[in-house]
A.B. asks: 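I'd like to ask some things about the structure below.
Atoms within each ligand, like the ligands themselves, are counted from 1 in listed order.
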Amino acid sequence: MTTANTTGTAGLTQGARAEATIDLGALRDNLAALRDRTGGPELMAVVKADAYGHGAVRCAREAVAAGARWLGTATPEEALALRAAGIGPEQARVLCWLWTPGGPWREAVRAEVDISVSGRWALDELLAAVRETGVPARVHLKADTGLGRNGCQPHDWPDLVAAALRAQAEGLLRVVGIWSHFACADEPGHPSIQLQLDSFAAALEHAERAGVRPEVRHLANSPATLTLPQSHYDLVRPGLAMYGLSPVPEVGAPADFGLRPVMSLSARLALVKTVPGGHGISYGHHYTTSGPTTLGLVPVGYADGVPRHASNAGPVQIGGTWYTVAGRVAMDQFVVDLGGDAPEVGEEVLLFGSGEHGEPTAEDWGRACGTISYEIITRIGARVPRRYVGGLA
Ligand SMILES: *Cc1c(COP(=O)(O)O)cnc(C)c1O
């Protein structure tokens, strides 16, 4: 049952200093909106980095309840945590893609976690894990189609494909996926997009001619899921869009894509006081009151994930009015200049929410801090309790 956001505030739990409210109903609705928009392809709910700060296990369960049959994580540890929480292979395939030598590959193979391979070094280490465990691996071969980060370069691709097919013939693995990742999908029309589409088609054609029969071919992150149907293939991999934020803010706001932000962040006003004009505020005195005014103390800081770059810039809403961070964000707290207003100590300070009630959004915070909404939500720290509403799973 969702009771949050009916009054424009998330409704802080009694006694809470700060709280991130995670609206799991919004998460399910966002997945449904993505499915409506894309039609055919399967959805992989990307829940890396603790589901972008929203809580990986809770969000993964909810995504599975909403029909996602794939989950995506960066590290094998993140994938194993989902399996340890009881999300079995019959409920969801889990793919991890960030390879480091010495990783828990035996455990990943045993837990039937799908593993991305970008080169021979990874394949060889994975095959050693397979021989030790006796469990064949499910492998997604990753092509570097132009991102220049992870993935196999075109000149090494035939060799990697051939080596994987030899291991498949020996029963050591199955190549279940061919995939890649975009560099500039968030800039529709960027010339690299077509080049990557062409490069992916070529990598795929080579692999299929060599004998690979992938279950899934996949390329699309959130921006490509929303703006580039020709990239969808068999599976799309939305992260940010599932959390209800727009990966292409210059093209459209979340509502334009049928999305609703999942996370809102609130704190409780800790102190209100009057100060004279000319008073320096917070470390370094980077803000000075222009006249007699009131100040509010907000008990969250960069240890909670409020960026120090929000100093003199980040927006908050208290009782329907917007105020701006005054002076530096400290580790545990920051100050807002209330301009003579005197809200009650203990009132809710909304840092960001859905925006549906005029409050700031994670997108606003990203803009204020010179970063992207991805970083704002993902960095909300472990000291901030998550409160889940609207969950079914
Ligand atoms: C993070 C990530 C995604 C999801 O990206 P969004 O832009 O949040 O949708 C998809 N694929 C890979 C490989 C990723 O690393």
A.B. asks: Where is the nearest protein heavy atom to atom 13 (C) of ligand 1: which residue, which atom, and how far?
C.D. replies: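 Ranking protein heavy atoms by distance from atom 13 (C) of ligand 1, first comes Trp179 CZ3, 3.5 Å.
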A.B. asks: Using a strict 4.0 Å cut-off to heavy atoms of Pro238, name the atoms of ligand 1 that fall inside it.
C.D. replies: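 Contacts of ligand 1 toward Pro238, numbered from 1: 9 (O).
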A.B. asks: Starting from atom 5 (O) of ligand 1, find the nearest protein heavy-atom neighbour and note its residue, name and distance.
C.D. replies: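 Ranking protein heavy atoms by distance from atom 5 (O) of ligand 1, first comes Tyr52 OH, 3.5 Å.
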A.B. asks: Please verify whether a non-hydrogen atom of Pro223 lies at under 4.0 Å from ligand 1.
C.D. replies: yes
A.B. asks: Any N or O of Lys142 that comes nearer than 3.5 Å to an N or O of ligand 1?
C.D. replies: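 No, since none of the N or O atoms of Lys142 sits under 3.5 Å from an N or O of ligand 1.
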A.B. asks: N/O to N/O below 3.5 Å, does that happen between Gly239 and ligand 1?
C.D. replies: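 For ligand 1, there is an N or O atom that lies under 3.5 Å from one belonging to Gly239.
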A.B. asks: What are the atoms of ligand 1, with element, lying closer than 4.0 Å to any heavy atom of Leu240?
C.D. replies: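 Those qualifying, in numeric order: 6 (P), 8 (O), 9 (O).
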A.B. asks: According to ring pair (Phe, Tyr, Trp, His ring centres under 6.0 Å), does anything in residues 68-111 pair up with another residue at least two apart or in another chain? List the pairs.
C.D. replies: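 Non-adjacent pairs meeting ring pair (Phe, Tyr, Trp, His ring centres under 6.0 Å): Trp70-His140, Trp97-Trp179, Trp99-Trp105.
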A.B. asks: Are His285 and Arg328 linked by a side-chain donor-acceptor pair shorter than 3.5 Å?
C.D. replies: no
A.B. asks: Given the rule that I, L, V, M, F, W and Y join up when any side-chain heavy atoms are under 4.5 Å apart, are Val212 and Leu127 in one cluster?
C.D. replies: yes
A.B. asks: Could you give me the CA-CA distance, side-chain angles and deciding distance for Asp304 and Arg17, then say whether salt bridge (Lys or Arg N to Asp or Glu O under 4.0 Å) is met?
C.D. replies: CA-CA 11 Å; Asp304 301 292; Arg17 169 188 67 97; 3.0 Å; yes
A.B. asks: Please work out which of Lys48, Met44, Arg149, His218 has its closest non-hydrogen atom nearest to atom 2 (C) of ligand 1.
C.D. replies: Lys48
A.B. asks: Hey, which atoms in ligand 1 end up nearer than 4.0 Å to a heavy atom of Tyr374?
C.D. replies: 6 (P), 7 (O), 8 (O)
A.B. asks: Note the single closest protein heavy atom to atom 12 (C) of ligand 1, along with its residue, its atom name and the distance in Å.
C.D. replies: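 Of every protein heavy atom, His181 CE1, 3.4 Å lies nearest to atom 12 (C) of ligand 1.
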A.B. asks: Checking side-chain polar atoms at under 3.5 Å, does Thr13 have a donor or acceptor matched by the opposite partner on Glu19?
C.D. replies: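 The criterion, which ignores hydrogens and geometry beyond distance, is satisfied for Glu19 and Thr13.
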A.B. asks: For ligand 1, find out whether one of its N or O atoms is nearer than 3.5 Å to an N or O atom of Ala241.
C.D. replies: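 In this structure, Ala241 places no N or O atom under 3.5 Å from an N or O of ligand 1.
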A.B. asks: Test salt bridge (Lys or Arg N to Asp or Glu O under 4.0 Å) on Glu78 and Lys48; report intermediate values, then the result.
C.D. replies: CA-CA 7 Å; Glu78 291 174 326; Lys48 64 186 177 185; over 6 Å; no
A.B. asks: Among protein heavy atoms, which sits nearest to atom 11 (N) of ligand 1, and what does the distance come to when rounded to 0.1 Å?
C.D. replies: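 Sorting protein heavy atoms by distance from atom 11 (N) of ligand 1 puts Arg237 NE, 3.0 Å first.
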A.B. asks: Tell me which protein heavy atom sits closest to atom 9 (O) of ligand 1, plus the residue, atom name and distance to 0.1 Å.
C.D. replies: Ser222 OG, 2.5 Å
A.B. asks: Compare all side-chain heavy atoms of Met44 with those of Leu71 and state whether any distance is below 4.5 angstrom.
C.D. replies: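 Not in contact.
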A.B. asks: Would you say Tyr243 and Asn30 are linked by a side-chain donor-acceptor pair, where the criterion is simply a distance under 3.5 Å?
C.D. replies: no
A.B. asks: Are the aromatic rings of Phe200 and Tyr233 close, with centres under 6.0 Å apart?
C.D. replies: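 Centroid distance Phe200-Tyr233: below 6.0 Å, so yes.
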